[in-house]
Asks: 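Before we start, here is the structure in question, set down as structure tokens.
Lettering of chains follows the sequences in order, A, B, ..., and the numbering in each one begins at 1. Hydrogens, waters and symmetry mates play no part in the numbers below; they use all other heavy atoms, side chains included.
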Number of protein chains: 2
Amino acid sequence: MEIKTKQQGIKVVADVLDIVGGKWRGQILAHLCDDPKRFNELKTVLNRITSSTLTKELRYLEDIKMVERKIIQDTPMIVEYRLTTHGMSIKDLIYHIVEWGLKHRDTVFGK
Amino acid sequence: MEIKTKQQGIKVVADVLDIVGGKWRGQILAHLCDDPKRFNELKTVLNRITSSTLTKELRYLEDIKMVERKIIQDTPMIVEYRLTTHGMSIKDLIYHIVEWGLKHRDTVFGK
DNA sequence: GGTTTAAGTATCCTGAAAACTACCGGTAGT
DNA sequence: ACTACCGGTAGTTTTCAGGATACTTAAACC
């Protein structure tokens with residue numbers, strides 16, 4: 001659990017940004033930080049995402065054990081998505097991202 | 001400089017990930033954390049990036065004031081890229097990214 | 001019987017990011 | 001004269017994430 005070489009550190013950065021990157025994954029994780037959300041709740045709050053894309057992203061996040069899908073009720077179908085215990089660890093990182101963004105948005109986003 | 005609403009926080013996350021996301025930008029910034037680097041140094045260390053892509057990414061990072069381009073010598077041409085004082089602030093965030101990656105890579109990248 | 005709601009699937013399609021290829025001007029080396 | 005190095009630019013092509021659109025299953029309400 002340590003950086004042995006420079007290149008190794010860079011690879012970690014690339015890998016993490018691969019998980020959290022893309023148009024939606026970061027936002028989905030950020031939304032799940034607070035509390036579990038149902039499929040259509042996520043769909044509403046993530047303006048303009050389509051069902052198929054949301055499904056794809058959620059399946060990916062499940063695969064990497066960040067998010068779990070829980071069927072709350074069969075009929076009517078109620079499904080809840082929440083961070084796994086492991087996924088919770090992303091909260092801190094997201095907090096740091098928001099912190100940096102708030103401090104530096106003006107310079108970077110040119111206002 | 002504060003989060004007023006939930007949606008605002010999410011937008012910050014999306015914006016930051018937009019800067020640092022993509023295939024190369026995070027890696028370029030990570031490499032520049034340690035010390036300034038010349039164009040071809042970056043090109044070598046970022047395996048498989050092409051000149052045109054590297055140029056595009058560097059211009060973008062210049063535009064948002066994260067990186068500065070400095071002509072060290074005219075002939076032979078020597079150009080150095082370094083983080084701006086402002087850009088230095090990303091070091092901490094990258095450190096947090098690496099830290100999270102090292103702790104969680106095994107679960108997430110399935111080993 | 002028709003419509004609505006929830007949580008999706010299945011296809012096809014598009015647009016933007018990145019790759020590929022070729023080229024430039026100036027200099028130094030052989 | 002030829003080649004290689006440095007830091008690019010220009011134009012085209014490929015790739016694939018994400019978007020658009022339509023459909024599904026099962027129950028519940030009107």
Asks: Would you mind reading off the distance between A/E80 atom CD and C/dG8 atom C1', rounded to a whole angstrom?
Replies: 17 Å
Asks: Between B/K70 (NZ) and D/dG7 (C1'), how many Å, whole number?
Replies: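 Checked: the NZ to C1' distance equals 18 Å.
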Asks: Less than 6.0 angstrom from the centroid, inside 45 degrees of the normal: does B/R38 satisfy that with respect to the ring of B/Y81?
Replies: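 No cation-pi geometry.
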Asks: Heavy atoms under 4.0 Å, any strand shown: does B/K43 hit a base, just sugar-phosphate, or nothing?
Replies: nothing
Asks: Return no unless some side-chain N or O of B/Y60 is found under 4.0 Å from OP1 or OP2 of C/dA18.
Replies: no
Asks: Indicate, with a heavy-atom threshold strictly under 4.0 Å, whether A/Q73 touches base, sugar-phosphate, or nothing.
Replies: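 Here A/Q73 touches no strand at all.
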Asks: Using a cut-off of 4.0 Å on non-hydrogen atoms, how would the nucleic acid contact of B/L54 be classed: base, sugar-phosphate, or nothing?
Replies: nothing
Asks: So, are A/D35 and A/K37 salt-bridged, with charged N and O less than 4.0 Å apart?
Replies: yes
Asks: Measure CZ/B/R25 against C1'/C/dA16 and give the value in whole Å, please.
Replies: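 About 12 Å, once rounded to whole Å.
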Asks: Rounded to the Å, how far apart are A/F39 CZ and D/dT25 C1'?
Replies: 15 Å
Asks: Do A/D15 and A/K11 sit within salt-bridge range, that is, some charged N less than 4.0 Å from a carboxylate O?
Replies: yes
Asks: Round to a whole Å and report the spacing from NZ of B/K37 to C1' of D/dG7.
Replies: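 It works out to 17 Å between those atoms.
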Asks: For the pair made of NZ in B/K56 and P in C/dA18, what is the distance, rounded to whole Å?
Replies: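 In whole Å, C/dA18 P and B/K56 NZ are 8 Å from each other.
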Asks: Would you mind telling me which of D/dG18, C/dC20, C/dA18 lies closest to the side-chain atoms of B/T50?
Replies: C/dC20
Asks: Given C/dA7, D/dA20, D/dA10, which nucleotide is nearest the side-chain atoms of A/S52?
Replies: D/dA20
Asks: Nearest to the B/T53 side chain among C/dA19, D/dG7, C/dA7, which nucleotide is it?
Replies: C/dA19
Asks: With rounding to the nearest 0.5 Å, note down the distance linking CD in A/Q73 to OG1 in A/T75.
Replies: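 Result: 6.5 Å between the selected atoms.
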Asks: Please work out if A/R69 contacts a base, only the sugar-phosphate, or nothing of the nucleic acid, heavy-atom cut-off 4.0 Å.
Replies: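 Sugar-phosphate, no base atom in range.
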Asks: Is B/Y60 atom OH crowded by more than 12 heavy atoms from other residues, nucleotides or ligands, each under 6.0 Å away?
Replies: yes
Asks: Answer yes or no: does a side-chain N or O of B/R38 lie under 4.0 Å from OP1 or OP2 of D/dC6?
Replies: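 It does not, given that no N or O in the side chain of B/R38 lies less than 4.0 Å from OP1 or OP2 of D/dC6.
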Asks: Just checking B/T75: base, sugar-phosphate only, or nothing, at a heavy-atom cut-off of under 4.0 Å?
Replies: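 Sugar-phosphate contact only.
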Asks: Once you round it to whole Å, what is the distance between P of D/dG8 and CD1 of B/I49?
Replies: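 One finds 13 Å between P of D/dG8 and CD1 of B/I49, rounded.
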Asks: Within the 4.0 Å heavy-atom criterion, would you say B/R59 contacts the bases, only the backbone, or no part of the nucleic acid?
Replies: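 Touches sugar-phosphate only.
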Asks: Would you kindly give the CG-to-P distance between B/D74 and C/dT27, to the nearest whole Å?
Replies: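 In whole Å, C/dT27 P and B/D74 CG are 9 Å from each other.
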Asks: Which comes earlier along DNA chain D counting from the 5' end, the contact point of A/G22 or that of A/S51, where each point is its nearest nucleotide?
Replies: A/G22
Asks: Salt bridge or not between B/K70 and B/E80? Use side-chain N to carboxylate O under 4.0 Å.
Replies: no
Asks: Where each residue is assigned the nucleotide of DNA chain D containing its nearest heavy atom, which of B/N40 and B/T55 is assigned the position nearer the 5′ end?
Replies: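 So the residue in question is B/N40.
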